[in-house]
Undergrad: 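Below are the structure tokens for one structure; questions will follow.
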Number of protein chains: 6
Amino acid sequence: MLDVVTFGEVMGLLVAYPGQPLRHANDFRRQIAGAEATVAVGLARLGHRTGWCGRVGEDAFGLAVMDTLRGEGVDVSRAGVDPGAPTGLLVRDAHPHRRITVSYHRAGSAASRTGPQHLDPGYLRSARLLHLTGITPALSESCLEAVREALRIARDGGLTVSFDPNIRLRLWPAQRAVPILRELLAGVDIVLASREEARLIAGREDAAAWFLEHGSRLVVIKDGAVGAHATDGRTEWAVPAFDASVLDPVGAGDAFDAGFLSGWLSDLPVPQCLARGAAAGALNVQALGDLDGLPYPDDLQAMLNKEIEVDR
Amino acid sequence: MLDVVTFGEVMGLLVAYPGQPLRHANDFRRQIAGAEATVAVGLARLGHRTGWCGRVGEDAFGLAVMDTLRGEGVDVSRAGVDPGAPTGLLVRDAHPHRRITVSYHRAGSAASRTGPQHLDPGYLRSARLLHLTGITPALSESCLEAVREALRIARDGGLTVSFDPNIRLRLWPAQRAVPILRELLAGVDIVLASREEARLIAGREDAAAWFLEHGSRLVVIKDGAVGAHATDGRTEWAVPAFDASVLDPVGAGDAFDAGFLSGWLSDLPVPQCLARGAAAGALNVQALGDLDGLPYPDDLQAMLNKEIEVDR
Amino acid sequence: MLDVVTFGEVMGLLVAYPGQPLRHANDFRRQIAGAEATVAVGLARLGHRTGWCGRVGEDAFGLAVMDTLRGEGVDVSRAGVDPGAPTGLLVRDAHPHRRITVSYHRAGSAASRTGPQHLDPGYLRSARLLHLTGITPALSESCLEAVREALRIARDGGLTVSFDPNIRLRLWPAQRAVPILRELLAGVDIVLASREEARLIAGREDAAAWFLEHGSRLVVIKDGAVGAHATDGRTEWAVPAFDASVLDPVGAGDAFDAGFLSGWLSDLPVPQCLARGAAAGALNVQALGDLDGLPYPDDLQAMLNKEIEVDR
Amino acid sequence: MLDVVTFGEVMGLLVAYPGQPLRHANDFRRQIAGAEATVAVGLARLGHRTGWCGRVGEDAFGLAVMDTLRGEGVDVSRAGVDPGAPTGLLVRDAHPHRRITVSYHRAGSAASRTGPQHLDPGYLRSARLLHLTGITPALSESCLEAVREALRIARDGGLTVSFDPNIRLRLWPAQRAVPILRELLAGVDIVLASREEARLIAGREDAAAWFLEHGSRLVVIKDGAVGAHATDGRTEWAVPAFDASVLDPVGAGDAFDAGFLSGWLSDLPVPQCLARGAAAGALNVQALGDLDGLPYPDDLQAMLNKEIEVDR
Amino acid sequence: MLDVVTFGEVMGLLVAYPGQPLRHANDFRRQIAGAEATVAVGLARLGHRTGWCGRVGEDAFGLAVMDTLRGEGVDVSRAGVDPGAPTGLLVRDAHPHRRITVSYHRAGSAASRTGPQHLDPGYLRSARLLHLTGITPALSESCLEAVREALRIARDGGLTVSFDPNIRLRLWPAQRAVPILRELLAGVDIVLASREEARLIAGREDAAAWFLEHGSRLVVIKDGAVGAHATDGRTEWAVPAFDASVLDPVGAGDAFDAGFLSGWLSDLPVPQCLARGAAAGALNVQALGDLDGLPYPDDLQAMLNKEIEVDR
Amino acid sequence: MLDVVTFGEVMGLLVAYPGQPLRHANDFRRQIAGAEATVAVGLARLGHRTGWCGRVGEDAFGLAVMDTLRGEGVDVSRAGVDPGAPTGLLVRDAHPHRRITVSYHRAGSAASRTGPQHLDPGYLRSARLLHLTGITPALSESCLEAVREALRIARDGGLTVSFDPNIRLRLWPAQRAVPILRELLAGVDIVLASREEARLIAGREDAAAWFLEHGSRLVVIKDGAVGAHATDGRTEWAVPAFDASVLDPVGAGDAFDAGFLSGWLSDLPVPQCLARGAAAGALNVQALGDLDGLPYPDDLQAMLNKEIEVDR
């Protein structure tokens, strides 16, 4: 019944206006953040039936997050509200050419208390694709167990699994992250990783080969302003990045995932999937916040056609 | 008594702040929009006596539009207020590298009810130049008749006529627009068109030649970020575009027209007219909205001199 | 399956920041407007299963409206998107003690093209209560027919009907509005009207009696800053208004309706329904726009308890 | 040809957003300030032909001020631009119930260099009424001479003179202000003063009597939130203040003058003039800045009728 | 060397713009929050040498908090930066007549890890007055110990102690708060409490008597919009509240404390201390956030004199 | 005790939001401006003990400026408040590729009344480095004398002197500026100048040689978007500019000075000093206003490492 199912932490986001470094920022805009939720919204906007089944606190930001996902058409019928823990909060600034400063307030969040018991196997199995990221297993032991359980359900149910390692070294050090990500990524159908992440996990330069050796069917390497490439071990494909006037680079990778997976769900050839990923990323960085720039089908098509003219 | 006279639809404009795609935009800034009014304000700022003689509704936006034009020094003594129809409204977003979404609310507007009877021949004949665009004839039959009548008055009175086709395919389909624009543009002294528009109207690659064959004295082709070129059939001139950090690309073409015609009215050679057009366009796209970036003489001169230093 | 069903026009709303009269306003905030949608959102926030089954255009504001309603938990599974007509737009200012200026752009809107054929009788009959307003029948003949058909379906299905005349004299003059509203309101179970509206429709001072004579079971008269009262012909109840620091008075009446009906749906005694209506109204006028101030259960309870202290 | 003529200093205004005391304010809005210009705009909005003939510097704020006045329909054909001196600038905060902090930057301004030589006697004599304030004579010796000359021209030309002392003790101490204001106000037809100002100038409690003894025909005493009263020596009239939700109290007195004089120019009885003054003041304090809240005829009428309902 | 010393938690504050309930708020302004820091800034603005010796995390908000306090002239030479724990964060909305929703993110904050070992006895003893609140002992066991230690040092050093219970039931339930506050408040020289707090701690209606019986020399009861009163057991004094147009009621009590203690430090009679407290409270609620409205001496004097006129 | 001491004019700054040319700007943000203060804040953020000993007026902006400098950790214990003169004010717009319009209001400012008598020789001598600019000597004769006196004190005390000519042709014409700057710069240890400034003062193409001939030990030439180079007569060093997305170019040169001098104070080799200067400049132009973008050590390090990734 669903095309895609995903879960993970979604947080309130307070992002400073461009040009205001965090320590000196006065003006903030509220949105939501969370890698899996960004992918879910991106896929829903592109017309796919998408379910997000994570957990939030019973507070203003948690309920606002649910309103937003529901409004975007993401199915939240299996998402949970935890009356005993707060929703996480992420405060950051936004610059095109300056390191972004992030302040996380996610310790003890409702999301971090998620465990395998919160997953509904039947719900997960109703989807074609399970999308996961490496943020969730970094949040807590129970979250790691939930990810392991989700992988098990997906494999049993014959779902395709896509996984973006999204390594967050402030959540876990590399020496803890790498072995766990190796375990989780082994056998994942579609790997979507940045070049640095792929290299860190694989522990060698030809990272794609490592993933293919460990059971992946398709490895997609995102290389920021350069472009992206993919391989299934037999063929390699590459696309250059699209022109963009960057307002806020955060969320580009998740938007890429949404664009790529949207193509995959529509059975498009890999080069078209890559182009959709690159176009979605280029569109997303032109808006402030993680979600606002995620494209609808006509936005994506216009970018793919390099039509940036006014529609009038 | 006037240097330039023009008329056409002027609308209230609500433009979303940069980085907010229309469907997700929360914050809007109010200005005014309308191709002929933009040219009129651009020419008034550059010191030319300019009259705009269109019509607005008797409502907050219509009266605000009149305040703005009057404040800019555009003569509105022959402009009309129609108590029986609203002023049009245009809502849009603004992005440098993403298709701009526009929502028009102009059906049945006061402007669309303009007809030949609203033109004061003596007023028109008091100007050296009549500037028209292809938006007005697309609004209604009576508007088309008003344009025809204005062309007749201009020819009888010996005015120079400049015409920017400004094709709006959401107002009329190409199969209706092209024959009418061919009729109206035949014999126009100065054609100011984008490359695509020129090609569409001429129906062939060497569009400039078509216009010259049909009676134009000077054809100016605007080619966006590349630059612009012009020909009178004997000589060709070209200028590259100026560097600009685009905030809102809308209005670049109208600003170009104002810069170019300002040079023409000052009897400058064509290359200088082209450079003024290109500079005015590059200045206008650095401000939000259609009008705010239109230059005054010292802004234009600084851009022409590539002096972008602080004046201190 | 639903507690309440409603339909009517929902529009994009652009509201000027407080203290900026429309003709001089520069800064606008985008929200949504529409009396029935406001009631629907108000009831959904208070925990009732609510369905809105109107129609919007296939444009940025129409789709944003659908996102908003869906996000609020209002069922829009039977709402329609009309690809051939725009979503209406309402632009206005907001003042506590100055007449509010409104600019409507709703001519030819998707909503005005709604007709009886767009109603799903089974869907309507699945609700306990049908809520209607006097705006919809003023929009077009087909809208009037849709309201008549909805009343018929409700009566056949044994639904309770509530009706707020919400007279808009800019949509129809009193001589047209009054006879139609008399026809439609005859037999309506719950009438929710302002004092002026009740008097205008009834044509006499003891307006409540007129409604009771014409078949209503309960007549609620809203009297702004004074309070509200109700009668069923045997008993009269009254509540004073709550203290409020008005930021934007628009939407108070619709918020009242939501508060009152929420009490009625919970089988509360009339005085408690009235108090909930008054409290919801007082909360709504403290936020900019029609929807932002609509209360959740704990906001409403705090206002009823006159607890305006910080929750910390 | 003119109804009213006035002159004086007009400055750029930067007003902090409400709730931001000046020392801690981050966000400012730009408008224009100047008692006589406020009166001129107020009268122009109410339909009177009004001329302002002061002087500004040839800088961004000076030229913006001219744009604004011209846009409002105030005749500035006799106003001057002084290339050798800056336009004054006023920076302040805005609070309903806290002393407003003002920072003036007007030393050596173009306005302060105005002298009798800048007045065009024929232009002044073309008006019915000359309006002056006590700010101009405080700016410089040449400004004082210009005011004396204007009074002479007005008397010779048979103009009615209205004068608002607008005492600014930061510009001149009471011991200098009082004798000069006594000299200038002697014989002025219409005195418009606050209670404190009247008392300070008259040097006694029954200040109105002092003005009447010194040749005034009508003395209007503005008493803030209480109301206003007037006397011609035979009759006394009084009006209470209108309800208002104060956003920015600055400009109330000048708005009152505009409302009152508008009634006088329309030959209305004094009580109606007073009511128009009180209504204009109450409307003006509900908008940020000196000008934005000045009413148009329908705003004024709605306030006089205490219709603060939405116009829909 | 210091007049006053204080410590406690100071947090980053993100406050929604007025009229935006937290769940629907988009726009936030960053400031700082913390009851003791508010009192410290209030006293520093009024000219008293004030030291704040709490602890923050080594992050953008913690360092910004230190910048702010230092900028205000509060001595932070003994404040500490904890590299191992974050600065707390408080997100809330602001309404005059609606319950304010607060979201705290202070679990595990640097402040909560403060203990007696972080107090410098010599530094504390250099002040005349130690000001404490009931928030700090609610944060953690070590914080409670720090408060006990500070009280010991103050008593040994002969300092006057003022204490505002500032009960936060979301930090500790009444059954835990009351016995601890009774212990801490016993013998405190100056108690500054709201009526509800005094009653809750004393457990009886004549709460002031309870505090006097337990060793206090002066009990000040703050009663919001009504006013405040004080007693030393022999005399009772009372002041009414000042008029204020409330923008954000949060911080009124702390501003009152600063105003009151400023009078006390200047050896003013109790009624003047009360009036200063009431005036400071009335000024603070007219600005958004906890600090912006805290008065400087001339602001306070103008409010005491009820001079709310513009200073010009 | 100090690393660096400096003095000069610091002003209130009101900067229009990007995209709003000054004549049409509505929205302004308040900060502070002043070349020496920018350098002082830049050095303080990078960890150096810095003193600023200029003078401000006793007004909202002057006191706010002092709050800001104190908050930044700049020692202002020797700065003065002049009760008899205002603080200067600078109003400007901000564009990446358009001449910036500046409106100064500094005539008669407290800063311009600074003289040698305001310098504390012992305080100056306690620093390692004295930093001066060519703006101060342009303000008034007494300011010029103060600069001469400071140079004398520095030489007597063995301080290193750095000097940025910062030529402001609106303050003094070249024919006055050049001879005075030649006098003042002769013998200055470190010259930090733009290419145009160096050429104008030296009066020849090989400007660096001129400075070395006149006693400088190190000449640093800033060449905007190209980079910077330096020479001590024996060696030449150069660095390219860093990538930056310019929001507001003003302050780049002062940020460069701070970055360069920070390296010099840390005894880094010249190429590293140049790189720090270039990085600081590139960071500063990405924030609105003169100060907000000045880096802290980790920001600078990240830019030097070209790490513009998010820190998460």
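Residue numbering restarts at 1 for every chain, and letters A, B, ... go by the order of the sequence lines. Quantities reported herein were computed from a predicted structural model and do not represent experimental measurements.
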Undergrad: Name the region of E/Gln301, side chain, backbone, both or neither, that has any atom closer than 4.5 Å to a heavy atom of chain D.
TA: neither
Undergrad: Give a yes or no on whether E/Arg106 atom CZ has more than 12 heavy-atom contacts from other residues, nucleotides or ligands under 6.0 Å away.
TA: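 Yes, because the 6.0 Å sphere around CZ of E/Arg106 holds more than 12 heavy atoms from other groups.
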Undergrad: Contact part of E/Leu294 toward chain D, heavy-atom cut-off under 4.5 Å: side chain, backbone, both or neither?
TA: backbone
Undergrad: Distance check, rounded to the nearest 0.5 Å: E/Tyr296 atom OH versus D/His24 atom NE2?
TA: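 The NE2 atom of D/His24 is 2.5 Å from OH of E/Tyr296, to the nearest 0.5 Å.
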Undergrad: Could you measure the distance from the CG atom of E/Leu247 to the CD atom of D/Gln20? Nearest 0.5 Å is fine.
TA: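 Going from the CG atom of E/Leu247 to the CD atom of D/Gln20 covers 10.0 Å.
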Undergrad: What I'd like to find out is whether the side chain of D/His95 reaches to under 4.5 Å of the side chain of E/Leu283, using heavy atoms alone.
TA: no
Undergrad: Would you say CZ of E/Arg78 has more than 12 non-hydrogen atoms from neighbouring residues, nucleotides or ligands within 6.0 angstrom?
TA: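 Yes, enclosed.
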Undergrad: Indicate yes or no: does E/Arg29 engage D/Asp27 in a salt bridge with an N to O separation below 4.0 Å.
TA: yes
Undergrad: Is it the backbone or the side chain of D/Asn26 that comes under 4.5 Å from a heavy atom of chain E, or both, or neither?
TA: both
Undergrad: How close do E/Asp292 and D/Pro21 get, heavy atom to heavy atom, and via which atoms?
TA: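 Nearest heavy atoms, E/Asp292 then D/Pro21: O-CG, 3.4 Å.
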Undergrad: To the nearest 0.5 Å, tell me how far D/Arg99 CZ sits from E/Met303 CE.
TA: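 Output value for this atom pair is 11.5 Å.
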Undergrad: Contact part of E/Asp298 toward chain D, heavy-atom cut-off under 4.5 Å: side chain, backbone, both or neither?
TA: both
Undergrad: For D/Gly19, is there any backbone N or O sitting under 3.5 Å from a side-chain donor or acceptor partner on E/Gln286?
TA: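 Absent.
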